[in-house]
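Structure, as structure tokens:
FYI, the numbering just counts along the sequence from 1. Whatever order the structure lists them in is the order used to number ligands and atoms, beginning at 1.
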Amino acid sequence: MSTPAAPSFEKAPPTAAGGAPLLRIADLGVTFASAAGPVHAVREVSLDLHAGQVTALVGESGSGKSVTALTLLGLTRDRGTTVTGSAMFDGVDLVTAPDRTLQGIRGKRIAMVFQDALSALNPVYRVGAQIAEAIQAHEQVGKAEARRRAVEALAEVGIPQASERADAYPHEFSGGMRQRVMIAMALSCQPELLLADEPTTALDVTVQAQILDLLLRLKEERGMGVLIVTHDLGVVAETADRVAVMYGGRIVEEASCEDLFADPLHPYTWGLLGSVPPIDGPKPERLPAIAGAPPSPTALPDGCSFRSRCPHEFSACTGLPSLEAATTGAGDRHADRCWLPDEQARAVRHVGEGRIGLAPKPAPAGDHGRPA
Ligand SMILES: Nc1ncnc2c1ncn2[C@@H]1O[C@H](COP(=O)(O)OP(=O)(O)OP(=O)(O)O)[C@@H](O)[C@H]1O
Ligand SMILES: [Mg+2]
């Protein structure tokens, strides 16, 4: 029996979270120029991503999730776009690093699975060749070795008959399989950090579960850090170690996954959780939606961006609350950007039908006594 080829995915020991972060995002801001005026897509975003940990970025459409991820790879560097703050990765600030430096990191040390898998693959190249090309762009390997690694990467993400399928074009794959091809491509250079933007949206639940299992396995086996961007709290619950909730370009709550679901402190988070069907018990006929619409990123209100939709708005909310962190009993960081003192938030938080949701907006709110 011949010796099996060495796996292309070397197993790295999982790194315990809590040490120095793999990536430290500090005060990140992204403003696009537009005919309607500046678009403040991302504001004051600070977040640590750790090796061997999945962090979920969750929030409504337009909240700035994709722009945050794209900015980390220098993909929002257009004329007219202003990026402020920093994102430190192994001593390199991804915000200010020269393009050449970023090219050496992008795809190799930090890889991204884009929100739209079909448009991210070149339709006229066979998928195996695309993955092999990505490997050769970053590593000094010959064509045959790159091809071998590409086939292995496809097999690793569960594509059957990988060596034959490597010769197929993107349109010859189903949506779920194409998503796996994207993930294979992203993982082929063994990145330390994977940015996965809605990696399972539009996939059926079985395929979604398989892809999420794959990401979790690679996190465990390689100690890879993962930032998963999603609007699906089911995906968050299944995968995330930590969760950052975005609203209007800002992080409004950040906590361990357990704390976020068990003890959410921001009224927007309650709304998000309330609009998810309960796991057990009878399904309600209609799920409560958060009334109103998110603010336009070209006309953001002063103070808390959520206040016009918040049932608990009071006088302080015209001022911008800071992302105030507390340490939980288990020693985890739990931060939220709300003027309501935590105890008061817990007291007014509406819990119904076995899950947490938003209470109906009451008549003009009283002042909760917290100074502005
Ligand atoms: N290149 C751009 N120029 C101008 N505005 C942009 C640009 N890219 C994104 N935006 C705006 O920035 C805001 C944040 O967009 P982003 O794509 O990050 O949202 P998202 O949270 O990923 O939403 P979704 O869940 O729909 O993917 C949106 O208002 C969007 O219209
Ligand atoms: Mg997006």
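Close approach of ligand 1 to Ala41 is summarised as follows: ligand atoms under 4.0 Å from at least one heavy atom of the residue are 12 (O), 13 (C). Residue-ligand proximity, Ser66 to ligand 1, at heavy-atom distances under 4.0 Å covers atoms 17 (O), 18 (O), 20 (P), 22 (O), 27 (O).
The closest donor-acceptor contact from the side chain of Glu172 to the backbone of Tyr169 lies under 3.5 Å. Put simply, the side chain of Arg337 never gets that close to the backbone of Leu320: no donor and acceptor are under 3.5 Å apart.
Inspection of the Thr76 and Thr71 side chains reveals an N or O donor paired with an N or O acceptor under 3.5 Å. Using modelled atom types, one finds no donor on one side chain facing an acceptor on the other under 3.5 Å when comparing Thr81 with Asp78. Between the side chains of Ser86 and Asp93, not a single donor N or O lies within less than 3.5 Å of an accepting N or O.
Among protein heavy atoms, the minimum distance from atom 25 (O) of ligand 1 is reached at Lys65 NZ, 2.8 Å. Ranking protein heavy atoms by distance to atom 18 (O) of ligand 1, first place goes to Val67 N, 2.9 Å. Among all protein heavy atoms, the one lying closest to atom 11 (C) of ligand 1 is Val39 CG1, 4.0 Å. Ranking protein heavy atoms by distance to atom 10 (N) of ligand 1, first place goes to Phe32 CE1, 3.7 Å.
For atom 26 (O) of ligand 1, the choice among Ser61, Ser34, Pro38, Pro294 with the nearest heavy atom turns out to be Ser61.
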**OP:** Tell me, with the steps shown, if Val83 and Leu28 meet side-chain contact (heavy atoms from CB on, under 4.5 Å).
**Re:** CA-CA 7 Å; Val83 181; Leu28 188 72; 4.1 Å; yes
Subject >> Arg147 and Asp167: CA distance, side-chain angles, deciding distance, salt bridge (Lys or Arg N to Asp or Glu O under 4.0 Å) verdict >> reply: CA-CA 10 Å; Arg147 157 87 189 184; Asp167 290 326; 2.9 Å; yes
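Contact annotation for atom 4 (C) of ligand 1: protein present (non-hydrogen atoms, distance under 4.0 Å).
Pro297 counts as a contact of ligand 1, since one of its heavy atoms falls under 4.0 Å from the ligand. Within the 4.0 Å heavy-atom cutoff, Gln115 counts among the residues contacting ligand 1. Residue Gly62 places a heavy atom under 4.0 Å from ligand 1.
At the Mg ion (ligand 2), the vertex angle linking OE1 of Gln115 with OG of Ser66 is 80° (nearest 10 degrees).
For Arg165 and Phe173, the positive end sits near the middle of the six-membered ring, less than 6.0 Å away and at most 45° from its axis.
Here's the thing with Ser63: one of its N/O atoms is less than 3.5 angstrom from an N/O atom of ligand 1.
At a 4.0 Å heavy-atom cut-off, ligand 1 does not touch Met246 at all.
Contact detail for Leu273 and Leu233: the closest heavy-atom pair is CD2-CD1, 3.7 Å.
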